[in-house]
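What follows is one structure encoded as structure tokens, with my remarks underneath.
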Amino acid sequence: MDHLFKELEKVEAMVNAKMERLIPEEGDGRIGENRLIQAIKYSALSPGKRVRPFLVLKSAALFGVSESCALQVAAAIEFIHCFSLIHDDLPALDDDDERRGQPSCHKKFDEATAILAGDALLCYAFEILSHETTHVDPSIRCELVSSFAKSVGIDGMIAGQMLDIISEDMSLSIEQITRLQRLKTGQLFQIACEAGAILGKTGKSVRNSLRGYASNLGLVFQITDDLLDVTTDVNDDGTPRNDKSSGKGTYVSVMGIEKATQQAKILTEQAISHLIPFGKSADMLRDLAMFILNRTR
Ligand code: GRG
């Protein structure tokens, strides 16, 4: 695991540096642009785990994709993730005052700025994906753009968020929760891994293996997130400190802590089994699955 931690740190530094280079400079007489840039820098460069960029880089490495191309896509996916976090924190959605240990974007700036900074980040991610420095082949760039759009939009992460909002206070079955989480969290994990395969121009079966890995990993990530919510964010008397998820169906609320923990272990084994075709070259992805299963943040 030491090797994984070093690698996670390395990826974090590389992706941060890349995002910093990609975010435009402020300029004289550009008051509107400058405010967007300030809000984007504040949110995107704040300390996140960079799990999705890690998945892009390690999947791309399986196919010998150049690091500079993969890094462009890694930054783009982190910008999309960051858009989702900024919007999710807004009063109309989750209404969170804090994100990554600092005031959320709308608290630091204001609601309008947070909405617009999120919109700009999403657009900018697609601008990066479609740029020739991301891949020389226009058909690959086009595939990246269309696959990311599908994973994020009407049938993707945003649909998951919509479902999450309208199903609040409904009692969902495990199947319904799984569908919700596959959309809300899983779609971005899947495109992170698939992007490596797209850049590497691989065949269908290889892509399916990576999709299988990512799909199971996304669910493990969500279960461990739910477990961390109930086990770490508690008052001294054991009651939940942040009551936002109460009323929402989660694996933990439906299955209980013990069964949800067991389910996360099974899904991790399934995720890892999808990596068999890649042999030892996928060890870093295996280690990441174990890290997500056992994570403490
Ligand atoms: C389109 C508004 C909108 C939302 C999409 C991703 C998402 C849905 C909402 C974000 C809120 C959330 C808690 C979603 C569940 C997935 C999840 C645990 C996200 C947090 O990801 P981490 O833990 O965050 O990778 P860091 O800060 O490490 O990048």
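Start at 1 and go down the list; that is how both ligands and their atoms are numbered. These numbers were taken from a predicted model, which means no experiment stands behind them.
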**Prompt:** Is it the case that one hydrophobic cluster holds both V51 and M284, taking links as side-chain heavy atoms less than 4.5 Å apart, direct or via other members?
**Reply:**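 Yes.
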**Message:** Please determine whether residues L36 and I86 belong to a single hydrophobic cluster, defined as Ile, Leu, Val, Met, Phe, Trp and Tyr linked transitively by side-chain heavy-atom distances below 4.5 Å.
**Reply:**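 Looking at the clustering, I86 is in a separate group from L36.
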**Request:** Using the ring of F221 (Phe, Tyr or Trp, six-membered ring only), decide whether R295 places NZ or CZ under 6.0 Å from its centre and within 45 degrees of its axis.
**Result:**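 That pair qualifies as a cation-pi contact.
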**Prompt:** Are K107 and F109 in a cation-pi setup, meaning NZ or CZ lies under 6.0 angstrom from the ring centre and within 45 degrees of the ring axis?
**Reply:**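 Ring-cation test returns no.
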What is the closest protein heavy atom to [atom], and at what distance does it sit?
atom	answer
atom 14 (C) of ligand 1	K184 CE, 3.5 Å
atom 22 (P) of ligand 1	K49 NZ, 3.5 Å
atom 7 (C) of ligand 1	S84 OG, 3.9 Å
atom 20 (C) of ligand 1	H81 CE1, 3.9 Å
atom 11 (C) of ligand 1	D88 OD2, 3.0 Å
atom 17 (C) of ligand 1	F221 CE2, 4.0 Å
atom 16 (C) of ligand 1	T185 OG1, 3.6 Å
atom 5 (C) of ligand 1	M157 CG, 3.5 Å

Under 4.0 Å from a heavy atom of [X]: give me the atoms of ligand 1 that qualify, with their elements.
X	answer
H87	2 (C)
I158	1 (C)
R100	26 (P), 27 (O), 29 (O)
L85	10 (C)
D225	18 (C)

**Request:** Please state whether the rings of Y124 and F79 are parallel, tilted or perpendicular, taking 30° and 60° as the class boundaries.
**Result:**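 Judged by the thresholds at 30° and 60°, the geometry between Y124 and F79 is tilted.
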**Request:** Determine, using heavy atoms of R52 and all atoms of ligand 1, whether some pair is separated by less than 4.0 Å.
**Result:**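 R52 counts as a contact of ligand 1 under the 4.0 Å cut-off.
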**Asked** Out of curiosity, is Q222 lining ligand 1, as in a heavy atom under 4.0 Å away?
**Response**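 Yes, Q222 has a heavy atom closer than 4.0 Å to ligand 1.
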**Prompt:** Out of L172, I223, D164, which residue meets the side-chain contact (heavy atoms from CB on, under 4.5 Å) rule with I177?
**Reply:**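 Passing option: L172.
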**Message:** Check E143 with R207, please: is the shortest side-chain N to carboxylate O separation under 4.0 Å?
**Reply:**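 Yes, this pair counts.
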**Asked** Got a salt bridge between R52 and E78, using NZ or NE/NH1/NH2 to carboxylate O under 4.0 Å?
**Response**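 So R52 does not pair with E78 through a salt bridge.
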**Message:** Working note: E7 + F54, criterion side chain to side chain contact (heavy atoms under 4.5 Å, CB included); need CA distance, chi angles, decisive distance, verdict.
**Reply:** CA-CA 9 Å; E7 217 37 48; F54 185 92; 4.2 Å; yes
**Item:** Side chain, backbone, both or neither: the part of D94 lying under 4.0 Å from ligand 1 by heavy atom
**Value:**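 Neither part.
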**Derivation of the side chain to side chain contact (heavy atoms under 4.5 Å, CB included) call for H81 and L85** = CA-CA 6 Å; H81 173 56; L85 300 179; 3.5 Å; yes
**Request:** Give a yes or no on whether atom 2 (C) of ligand 1 lies under 4.0 Å from any heavy atom of the protein.
**Result:**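 Yes; the ligand atom in question has protein heavy-atom contact below 4.0 Å.
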**side-chain hydrogen bond (donor to acceptor under 3.5 Å, both in side chains) partner of T113, the single match among R35, H106, K108, Q38** =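 It is R35, the one option of R35, H106, K108, Q38 that forms the side-chain hydrogen bond (donor to acceptor under 3.5 Å, both in side chains) with T113.
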